[in-house]
Peer 1: 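Before anything else, here's the structure in question.
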2 protein chains.
Amino acid sequence: MTEKDDFDLRNFMPFLLNLAAEQSSLGFQRTYKNRYGMLRTEWRVLFHLGNYGEMTAKEIGERAVMHKTKISRAVAKLSQRRYLTRTRDEHDRRSERLTLTPAGLVVYRELRQEAEAYETQLGKQFTAGEVVLLRMMLRRLAGLD
Amino acid sequence: MTEKDDFDLRNFMPFLLNLAAEQSSLGFQRTYKNRYGMLRTEWRVLFHLGNYGEMTAKEIGERAVMHKTKISRAVAKLSQRRYLTRTRDEHDRRSERLTLTPAGLVVYRELRQEAEAYETQLGKQFTAGEVVLLRMMLRRLAGLD
DNA sequence: GAATAATAGTTGATTTTGTAACTAACAAGA
DNA sequence: TCTTGTTAGTTACAAAATCAACTATTATTC
């Protein structure tokens, strides 16, 4: 019995997913990186705060599935740029409640608009039904839902 | 006219794709990283050589969509572990023809089997038709085809 | 209410990646 | 042939991610 040889790396899901993720991130990266000098970790934190309102670092970490050290450093940078403020939670003084400043909110809104436009652009490659299905599958693979 | 607020980060393609890619890579990563002490760049190079036979670094870079520095370092490590041999191409002495050693081939076969099993596992979450469609869409997003 | 364990977040050391500059070899045109 | 340009691959340095250890605070247990 000979070894089967129909394995194609380019069909291997983890490979394909990583490649698709990388490629589809490039365009948007140009916006937040080149134009706003931000890292991926930073816009993700910014987006969470803009999107869901006041949160703690821990909550962001859970939603964004990001390690706490990444969050800590992203928060530090955003705070330094006066995009967010940190206030100790008086019920649990270990954690801080993070909120966007007006300046942070402005940047969030600008970036969100870019994100929406970018998303629309990406979607043009597919039918509406395909996009829905794709999202559904990705969410399942991502372990969301 | 008020700002629309139906933007959900968890539906944003670059975000979802990255998350799905990360999550779906974790299981396989445990195999090549913990059990074989390899990096993602290294198994990718190994897989290309095992899959397509003798190649140059440049060819691998094109197929795998990896930067030449990553390849260079991965090749150095694999060579150091005696998983591959490098021989100067006499027609173009700038490049080297890379080939797996018997030891490298063994590891490739083991890892490929793991990859196939892992892929099957991942696929169980979807119907066969969904998998085909998902691959198709990912390839398009990845800029392949 | 001490003592111990657990949690939120930070910091430092190490590893990995990204960027740019570099070497060596080939290619093309004058 | 000599200059200029291009390409394959490496190396050095900077940026970023990972991992472990740490501080401060809260929760638990005896």
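Heavy atoms only: backbone and side chains are in, while hydrogens, waters and symmetry mates are out. Chain identifiers are assigned alphabetically (A, B, ...) following the order of the sequence lines, protein sequences preceding nucleic acid strands; residue numbering begins at 1 within each chain.
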Peer 1: For B:Asp92 and C:dA27, what is the distance between atoms CG and P respectively, to the nearest whole Å?
Peer 2: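 Distance check: B:Asp92 CG to C:dA27 P gives 7 Å.
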Peer 1: If you count the non-hydrogen atoms of other residues, nucleotides and ligands that lie under 6.0 Å from CZ in A:Arg82, is the total more than 12?
Peer 2: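 Not more than 12 within 6.0 Å, no.
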Peer 1: Over how many whole Å does the gap from B:Met38 atom CE to C:dT16 atom C1' extend?
Peer 2: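 After rounding, the reported distance stands at 17 Å.
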Peer 1: Is there a donor on the side chain of A:Arg94 or the base of C:dT7 sitting less than 3.5 Å from an acceptor on the other?
Peer 2: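 In this structure, the two groups form a donor-acceptor pair.
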Peer 1: Of the non-hydrogen atoms in A:Glu42 and A:Lys77, which two are nearest, and what is the gap between them?
Peer 2: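 For A:Glu42 versus A:Lys77, the nearest heavy atoms are OE2-NZ, 3.2 Å.
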Peer 1: With a cut-off of less than 4.0 Å, is there a side-chain N or O of B:Ser95 near OP1 or OP2 of D:dA8?
Peer 2: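 No, B:Ser95 has no side-chain N/O under 4.0 Å of OP1/OP2 on D:dA8.
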Peer 1: Specify the separation, in whole Å, of atom CD of A:Gln29 and atom P of D:dA16.
Peer 2: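 A:Gln29 atom CD is separated from D:dA16 atom P by 10 Å.
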Peer 1: Rounding to an integer number of Å, can you tell me how far A:Ile71 CD1 sits from D:dT18 C1'?
Peer 2: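 Rounded to whole Å, this separation is 15 Å.
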Peer 1: So does B:Ser72 get a side-chain nitrogen or oxygen closer than 4.0 Å to the phosphate oxygens (OP1/OP2) of D:dG9?
Peer 2: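 For B:Ser72, the contact criterion (side-chain N or O under 4.0 Å from OP1 or OP2 of D:dG9) is not met.
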Peer 1: OP1 or OP2 of D:dT23 sitting under 4.0 Å from any side-chain N/O of A:Arg93?
Peer 2: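 Indeed not, no polar side-chain atom of A:Arg93 lies that close.
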Peer 1: For a quick test of reading the model, state the closest non-hydrogen atom pair linking A:Arg139 to B:Asn11 and the distance between them.
Peer 2: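 Looking at all heavy atoms of both residues, the closest pair is NH1-OD1, 3.4 Å.
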Peer 1: According to a strict under-4.0 Å criterion, is B:Arg86 in side-chain N/O contact with OP1 or OP2 of D:dT10?
Peer 2: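 Answer yes for this pair, as a side-chain N or O of B:Arg86 is under 4.0 Å from OP1 or OP2.
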Peer 1: Does the plane of the ring in A:Phe28 sit parallel, tilted or perpendicular to the ring in A:Phe47? Use 30° and 60° as the thresholds.
Peer 2: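 Correct class here is perpendicular.
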Peer 1: Tell me: CD1 of B:Ile60 to C1' of D:dG9, nearest whole Å?
Peer 2: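 In whole Å, D:dG9 C1' and B:Ile60 CD1 are 12 Å from each other.
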Peer 1: With a non-hydrogen cut-off below 4.0 angstrom, is A:Leu39 in contact with a base, only sugar-phosphate, or nothing?
Peer 2: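 The residue A:Leu39 makes sugar-phosphate contact but no base contact.
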Peer 1: Scan B:Lys33 against the nucleic acid and name what it touches under 4.0 Å (heavy atoms): base, sugar-phosphate only, or nothing.
Peer 2: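 Sugar-phosphate contact only - B:Lys33 comes under 4.0 Å of backbone atoms but never of a base.
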Peer 1: Could you check whether B:Arg88 gets within reach of a base, just the sugar-phosphate, or nothing at all, counting any heavy atom under 4.0 Å?
Peer 2: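 Nothing, no nucleic acid heavy atom in range.
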Peer 1: With a 4.0 Å cut-off on heavy atoms, is A:Thr69 in touch with a base, just the backbone sugar-phosphate, or nothing at all?
Peer 2: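 A:Thr69: base contact, heavy atoms under 4.0 Å.
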Peer 1: Ring centres of B:Tyr108 and B:Tyr83 under 6.0 Å apart?
Peer 2: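 They do not qualify: ring centres at least 6.0 Å apart.
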Peer 1: Tell me which of A:Thr41 and A:Glu90 sits closer to the 5' end of DNA chain D, going by the nucleotide each one is nearest to.
Peer 2: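 Here A:Thr41 is the residue nearer the 5' end.
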Peer 1: Would one find a side-chain N or O of B:Lys70 under 4.0 angstrom from OP1 or OP2 of C:dG18?
Peer 2: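 Indeed, a polar side-chain atom of B:Lys70 lies that close.
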Peer 1: Does D:dG9 have OP1 or OP2 under 4.0 Å away from a side-chain N or O of B:Lys58?
Peer 2: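 So the side-chain polar atoms of B:Lys58 never come under 4.0 Å of the phosphate oxygens OP1 or OP2 of D:dG9.
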Peer 1: Given atom NE2 of A:His67 and atom P of C:dT11, what is their separation to the nearest angstrom?
Peer 2: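 Going from NE2 in A:His67 over to P in C:dT11 covers 14 Å.
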Peer 1: For A:Asp89 and C:dA8, what is the distance between atoms CG and C1' respectively, to the nearest whole Å?
Peer 2: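 These atoms are roughly 11 Å apart.
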